[in-house]
Amino acid sequence: MNEKQIRRSIAILPVSSTAKLTGLTPRQLRYYEKFGLVHPCRSQGNQRLYSLNDIDRLLDIKEYLDSKMTMAEVKRVLSKHSYADKAHQTNLSDSAARKIFSNEMLRIGRWNTHDSNNIY
DNA sequence: ATTCTGACA
DNA sequence: TGTCAGTA
């Protein structure tokens with residue numbers, strides 16, 4: 001892992017900043033975490049701390065949700081890609097992964113146009 | 001001042 | 001999902 005990736009994985013953003021950057025509400029950020037879509041680090045005071053990779057992931061989650069996917073579907077799609085589930089050192093953010101995300105989103109988006117409740 | 005968890009007149 | 005409560 002190069003320095004750029006390491007820096008991207010450094011978690012320092014509080015919920016307020018993360019909410020501003022993603023367009024999501026703190027309520028949603030906490031809900032998504034409880035559901036297992038994201039795993040932000042915690043400060044010594046138990047405060048959530050998001051990294052740039054988390055922001056990137058959250059933006060993708062937002063897109064998937066907007067395309068009418070359920071959180072369970074989003075979770076399954078995201079689990080196919082690399083992203084440290086429990087720890088926080090291995091994250092993704094390259095163009096290759098983005099391309100896959102984009103295709104998945106369009107494909108499932110089309111599915112939902114025909115069948116709104118089909119598990120991927 | 002901010003965030004956290006749990007809960008719902 | 002919003003929001004209020006009681007903390008840390």
Side-chain angles (χ1 to χ4, degrees):
Chain A
M1 174 187 290
N2 60 51
E3 183 181 314
K4 196 186 292 183
Q5 297 178 307
I6 293 175
R7 292 191 182 295
R8 246 195 277 278
S9 70
I10 297 176
I12 51 176
L13 291 57
V15 287
S16 56
S17 303
T18 304
K20 180 87 71 176
L21 258 30
T22 62
L24 295 169
T25 65
R27 174 79 172 75
Q28 292 176 298
L29 294 174
R30 293 166 187 137
Y31 184 51
Y32 296 166
E33 179 183 0
K34 182 191 293 180
F35 200 81
L37 259 35
V38 288
H39 316 88
C41 295
R42 291 298 182 120
S43 67
Q44 297 191 325
N46 195 43
Q47 309 286 291
R48 267 167 266 259
L49 294 178
Y50 298 84
S51 68
L52 294 181
N53 281 320
D54 289 326
I55 300 299
D56 209 55
R57 186 185 176 81
L58 284 167
L59 289 174
D60 285 334
I61 290 173
K62 197 173 102 173
E63 293 186 322
Y64 285 121
L65 260 27
D66 284 337
S67 70
K68 307 307 179 186
M69 272 189 253
T70 64
M71 285 178 68
E73 294 172 328
V74 174
K75 185 175 183 179
R76 181 157 188 177
V77 173
L78 261 43
S79 69
K80 287 180 173 298
H81 305 295
S82 60
Y83 169 83
D85 277 315
K86 299 186 176 181
H88 235 279
Q89 298 309 299
T90 307
N91 285 315
L92 77 169
S93 183
D94 56 78
S95 58
R98 284 183 161 296
K99 188 169 185 177
I100 294 175
F101 272 130
S102 182
N103 292 326
E104 288 290 351
M105 185 179 85
L106 290 175
R107 185 155 64 80
I108 296 178
R110 278 194 290 278
W111 283 16
N112 285 299
T113 297
H114 302 163
D115 190 335
S116 62
N117 58 357
N118 213 320
I119 302 302
Y120 172 55

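Residue numbering restarts at 1 for every chain, and letters A, B, ... go by the order of the sequence lines. Hydrogens, waters and symmetry mates play no part in the numbers below; they use all other heavy atoms, side chains included.
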field: Residue mapping more 5' on DNA chain C - nearest nucleotide basis, A:Leu24 or A:Gly45
entry: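 This one resolves to A:Leu24.
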field: Heavy-atom pair with the smallest gap, counting every atom of A:Pro40 and A:Asp54
entry: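 Reported closest heavy-atom pair: CA-OD2, 4.2 Å.
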field: Heavy-atom pair with the smallest gap, counting every atom of A:Leu49 and A:Ala11
entry: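 Between these two residues, the closest heavy atoms are O-CB, 3.2 Å.
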Separation of atom [atom1] in [X] from atom [atom2] in [N], rounded to whole Å:
{"X": "A:Leu49", "N": "B:dT2", "atom1": "CG", "atom2": "P", "result": "16 Å"}
{"X": "A:Glu33", "N": "B:dG6", "atom1": "CD", "atom2": "C1'", "result": "15 Å"}
{"X": "A:Gln47", "N": "C:dA8", "atom1": "CD", "atom2": "P", "result": "13 Å"}
{"X": "A:Leu29", "N": "C:dG2", "atom1": "CG", "atom2": "P", "result": "11 Å"}
{"X": "A:Asn46", "N": "C:dA8", "atom1": "CG", "atom2": "P", "result": "12 Å"}
{"X": "A:Leu13", "N": "B:dT2", "atom1": "CG", "atom2": "P", "result": "16 Å"}
{"X": "A:Arg42", "N": "B:dT2", "atom1": "CZ", "atom2": "P", "result": "19 Å"}
{"X": "A:Arg27", "N": "B:dT5", "atom1": "CZ", "atom2": "P", "result": "12 Å"}

task: Side-chain contact test, heavy atoms from C-beta onward, threshold under 4.5 Å: evaluate it for A:Thr70 versus A:Glu73 and give yes or no.
output: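 Of all side-chain heavy-atom pairs linking A:Glu73 with A:Thr70, at least one is under 4.5 Å.
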query: Is there a side-chain contact between A:Arg48 and A:Arg42 (heavy atoms, below 4.5 Å)?
result: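 Yes, side chains in contact.
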field: A:Pro14 side chain, from C-beta outward: closest of B:dT3, B:dT5, C:dG2
entry: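 My answer, after comparing the listed nucleotides, is B:dT3.
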task: Could you check which of B:dT2, B:dA7, B:dT5 has an atom nearest any side-chain atom of A:Arg48?
output: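 Closest of the options to the side chain of A:Arg48: B:dT5.
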query: Which one is paired to B:dA9, where only Watson-Crick or G-U wobble pairs with both distances under 3.5 angstrom count?
result: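 Base partner found: none.
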field: Watson-Crick/G-U partner (both atom distances under 3.5 Å) of B:dA1
entry: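 Partner of B:dA1: none found under 3.5 Å.
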message: What I want to check is whether an N or O donor and acceptor connect the side chain of A:Arg30 with the base of B:dT3 at under 3.5 Å.
response: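 Flag unset: no donor-acceptor pair detected.
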field: Reported OH-to-NE2 distance for the pair A:Tyr50 and A:His39, which is rounded to 0.5 angstrom
entry: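 Result: 11.0 Å between the selected atoms.
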